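Structure first, commentary second.
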Number of protein chains: 2
Amino acid sequence: MDPGFEARLREGGETFEERDATLLRAVDEAGSLNAAANGLGRSYARSHERIDDLETAFGPLVERQRGGAGGGGSRLTANARRLLARFDRLRAALTGTAAVEETVLEGRVVAREGELTTVETVAGSVRALAPDVDRVQVVVRADSVTLHDPAEAPPAGGTSARNRFDGRVARIDRGEAVALVTVAVGEGDAPGDDASVADSPTLAALVTIDSVERLALAPDRPVVATLKATATRATPAPDV
Amino acid sequence: MDPGFEARLREGGETFEERDATLLRAVDEAGSLNAAANGLGRSYARSHERIDDLETAFGPLVERQRGGAGGGGSRLTANARRLLARFDRLRAALTGTAAVEETVLEGRVVAREGELTTVETVAGSVRALAPDVDRVQVVVRADSVTLHDPAEAPPAGGTSARNRFDGRVARIDRGEAVALVTVAVGEGDAPGDDASVADSPTLAALVTIDSVERLALAPDRPVVATLKATATRATPAPDV
DNA sequence: CGGAGTTGTATCCATGACGGAAGAACGCGG
DNA sequence: CCGCGTTCTTCCGTCATGGATACAACTCCG
């Protein structure tokens, strides 16, 4: 079951989406709306209409010229390029979060100040942004977990990363440039107690290969994981 | 222009989306598919068909019972509840990234190891995940920036947060439980030089009110911002 | 001056999605 | 044994989407 999404930009009742982005890009490459629509296997008339609609909401997108050398053509405006870049950024951000590994911890809310809560989980207590229910799932995205050398871990008061877990490396999955480090964060496990590592809850952290080497990460090495409360979101737990 | 998305879960050619989630939730509340479809203003026949299709891809979702007390009814399976929870987590994660403030820095790629690059920007050099182009926009999400007390900032080698900026607080926008802190990260600005703060590039950081107080953050106070390379994504810059 | 290859604009039509309606099967309760 | 409110199944009308086609307008070029 793989997660996905469809990115959108809304403005003035009109929504710009993937389909529109590919159309604009095709116009940019082909130099004419006709060729673009043709190349995409879409009808010229609809594409033309679509661009008209988009322009009323997002401002001028293509400069059209009819007649002339080669019969004319269309070019993207600077506004259109900015729109495309904005759309790309949104999609990149969403792609990141949709694709990245995540750790899910079930727990219950034990304190709350507005949206900010303290959630008690098997891995200890976590500060997270949570909706107004009692039992929640805390979602920790692997790319939001920072790992530290225990000797040099920042003191609890000196940083805005308010969640801190002492743990030990359980596993390292190396990729090309990044590595997924699984950290056992069982609360009361004594160092050297093998059984506890196998059983304790884990937290996945996505770090660069570089960091793996700088921190000399290896299975069973102690490590400190920190994560920001504002990057930690909770959702209602399923009441099975 | 506000960003948005449509979350999806794909499995076996079928895609589960918002519409389906609301249908399942309505069945859960109403206790019968008939009442659910009716309440949503959707046709029973279509809703029934849709659930059938979803079940062939995602496994059993509703236990149907026809006849009996009250004519029967439908209840969600545990599988359906897990699916809903999974969908909620995805949506929550996407909502977070779509809604959060972001800082965009233009720059050029000066080094690359696979997907991991070093990008030179006005705010200094940043390690980020970037596609294979020369000029990029680096996107830094405010909830991925961690702030530190300069005196207690972790040494560069002892943490997996590989990007580090020394700066000063430019502005603090307090919310209910969180605050958006704008940090001036100009490279060579001398402390006390007011003009440089106004001109230098800024980085937005989303932290809890709590952290604002612990770190005694206030305009013009020095602060260290760190962020992970794996949470920093770049996209091609628009070639205007 | 005509041809070429566009941009505009209008119209037709195939397809799919959806609601509405109608009817059969079901099983508990009165 | 009958009625009720479901779940199932089928058929039809409607609407939105989008391709296909046709045609006028335009302007540079040979």
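Letters go in sequence order (proteins before strands), and every chain restarts at 1. Computed from a prediction, not measured in an experiment: that's the story for all the values here.
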Residues that [X] engages under side chain to side chain donor-acceptor pair (under 3.5 Å), provided they are two or more places apart:
{"X": "A/T208", "value": "A/S211"}
{"X": "B/N34", "value": "none"}
{"X": "B/E17", "value": "B/T15"}
{"X": "B/R46", "value": "B/E49"}

- Starting from P on D/dG5, measure out to OH on B/Y44 and report it in whole angstrom.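 In whole Å, D/dG5 P and B/Y44 OH are 16 Å from each other.
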- Query: Which atom pair, heavy atoms only, marks the closest approach of B/L180 to B/A142?
  - Reply: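 Heavy-atom minimum between the residues: CD1-CB, 3.9 Å.
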- Item | side chain to side chain donor-acceptor pair (under 3.5 Å) contacts in which one or both residues fall within residues 57-70 of chain A, not counting sequence neighbours |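 Of all non-adjacent pairs touching residues 57-70 of chain A, those that pass side chain to side chain donor-acceptor pair (under 3.5 Å) are A/D52-A/R64, A/E55-A/R64.
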- Message: Just to be sure I understand the geometry, which residues of residues 45-58 of chain A put a non-hydrogen atom under 4.0 Å away from DNA chain D?
- Response: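 Output list: A/A45, A/R46.
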- With a 4.0 Å heavy-atom cut-off, tell me which residues in residues 18-39 of chain A come close to DNA chain D, sorted by residue number. A/R19
- Using the salt bridge (Lys or Arg N to Asp or Glu O under 4.0 Å) rule, collect all pairs that involve residues 137-146 of chain B, keeping only residues at least two apart or in two chains. B/R141-B/D143
Would you tabulate the side-chain donor-acceptor contacts of residues 101-110 of chain B under 3.5 Å, counting partners in other chains and residues two or more places apart, or write 'none'?
residue, atom, partner, partner atom, Å
B/T103, OG1, B/A204, N, 3.0
B/E106, OE1, B/R135, NH2, 3.3
B/R108, NH1, B/D134, OD2, 2.9

- Query: Does a nitrogen or oxygen in the side chain of A/R42 sit under 4.0 Å from OP1 or OP2 of D/dG18?
  - Reply: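 No, because none of the side-chain N or O atoms of A/R42 sits under 4.0 Å from OP1 or OP2 of D/dG18.
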- Does a nitrogen or oxygen in the side chain of A/S43 sit under 4.0 Å from OP1 or OP2 of D/dT21? no
- Note on the structure: For DNA chain D, the expected dot-bracket line (Watson-Crick or G-U under 3.5 Å, [ ] crossing, | inter-strand) is ||||||||||||||||||||||||||||||
- Message: How would you summarise protein contacts on nucleotides 25-30 of chain D per nucleotide, using B for base, S for sugar-phosphate only and - for none, with heavy-atom distances below 4.0 Å?
- Response: BBBS--
- Item | Heavy-atom contact window of chain B on DNA chain C, given 5' to 3' at under 4.0 Å | C/dC18 to C/dC28
- Do B/D88 and B/R91 meet the salt-bridge criterion of a basic N to acidic O distance under 4.0 Å? yes
